[in-house]
Undergrad: 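Okay, here's the structure, questions in a sec.
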Amino acid sequence: MPFLASRLDRIKPSPTLAVTQKARELKAAGRDVIGLGAGEPDFDTPDNIKAAAVEAIRRGETKYTDVDGTPALKQAVVAKFRRENGLSYTPDQVTVGSGGKQVIYNAMMATLDPGDEVIIPAPYWVSYPDMVLLADGRPVSVACRENSRFKLRPEALEAAITAKTKWLILNSPSNPTGAAYDRAEMKALTDVLMLHPQVRVLSDDMYEHLVYDGFRFVTPVEVEPGLYDRTLTMNGVSKAYCMTGWRIGYAAGPKDLIKAIAKVQSQSTSNPSSISQAAAVEALNGPQDFIAAHNAVFKERRDLVVEMLNAAPGLACHRPEGAFYVYPSCAGAIGRKTPQGKTIASDDDFVTYLLDAEGVAAVQGSAFGLSPFFRVSYATATELLREACARIQRACAALA
Ligand SMILES: Cc1ncc(COP(=O)(O)O)c(C=O)c1O
């Protein structure tokens, strides 16, 4: 009898964490490596948020809290949804977990039976399919091509829905493409969903605040209130508030689902860190002006990266609406030969070549379910990004 569970054979370790780890190891071994794999802002957590955590420790808020969040944080989440999204929830419709990742995982564990299908537009955040698989569900990947700017088309959504579809996971702005749905695009999708009452929507709004050029973010329930009773609207403090290490994510939705999520959490981690919860209250209720300041920097970096990658022979890069990623095509490099005589046959080969030849660590598109592309995170100092893009240009130019 094997010791390790067979369910582990269905999944793989997170490829994005693997790239970050590999870049770290190469750097520690003395190689000059620029990591473009990170999924976190390079800005520090704002001081007022840190101070709120210190205060919480001083006040003795160091004990277990309610399993799915303190009343103060749930209230702050209720206020956030009302203020920023025009959505009305009560605290018992809110759940808080140790990161958005845990909230999504719990939602899948709480709702999926063997054979239940979850529609996941590709390219997707690497964890969605594996979370579905761990919960015994069946991920149904729907390719969203470059010519639709990597966005799910209503016809493709309609075609993917079956009697077994339990969820659609929507992520806007997207990791890994940065693509975000405007109101009309979102309405076209919610119109399809209104025809299929068995389908629930998990809206992953983690990058809500990271949008550029005056783009107006929308979430499905805001566009179609008819979806209120079957949507879990998920968000967190990791990205906008530069709090990836604090591990706080949250969601709002129907009470029965929120209770089921709490049941899963009660038998795994219990409450998220009491101190991080106090910090998240300050993040949501406190000053928000640093977000615009960060976005000005991100926008400048996005434009720099898009321009420099488009100047690299064999690459083509869209300018996305949000997040801190771009997803360039490396189709023009496929079939070419490296100076060492190796043929680039896939995006996996291409990113391996970038790392070996120029010490640039990016993530292959195959990890996100759509090839031949690669993901570049521009949450890195501007000068390093400029140098990384110059190296990518040099690597591309050296292909024969
Ligand atoms: C699309 C998306 N959703 C959710 C998460 C989870 O974020 P966290 O668990 O840090 O809240 C991430 C993190 O990379 C993400 O990119």
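Both counts, for ligands and for their atoms, begin at 1 and track the order of listing. In this chain, numbering begins with 1 at the start of the sequence shown.
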Undergrad: In sequence, state the C-alpha distance, the side-chain angles, and the governing distance for R386 and L304, and then conclude on side chain to side chain contact (heavy atoms under 4.5 Å, CB included).
TA: CA-CA 7 Å; R386 198 187 302 278; L304 171 79; 3.4 Å; yes
Undergrad: I'd like to check the side chain to side chain donor-acceptor pair (under 3.5 Å) partners of Q288; sequence neighbours left out, ordered by chain and number.
TA: Y241
Undergrad: Is there a donor-acceptor contact under 3.5 Å linking the side chains of Q277 and Y250?
TA: no
Undergrad: Run F217 and Y207 through side chain to side chain contact (heavy atoms under 4.5 Å, CB included) and show every step you take.
TA: CA-CA 10 Å; F217 168 86; Y207 295 92; over 6 Å; no
Undergrad: Sequence neighbours excluded, which residues qualify as side chain to side chain donor-acceptor pair (under 3.5 Å) partners of Q265?
TA: N106
Undergrad: Can you name the residues that come within less than 4.0 Å of ligand 1, going by heavy atoms only?
TA: G99, G100, K101, W125, Y128, N171, N175, D204, M206, Y207, S238, K239, R247
Undergrad: Under the side chain to side chain contact (heavy atoms under 4.5 Å, CB included) rule, collect the residues that match up with C242, sequence neighbours excluded.
TA: P41, F43, H294
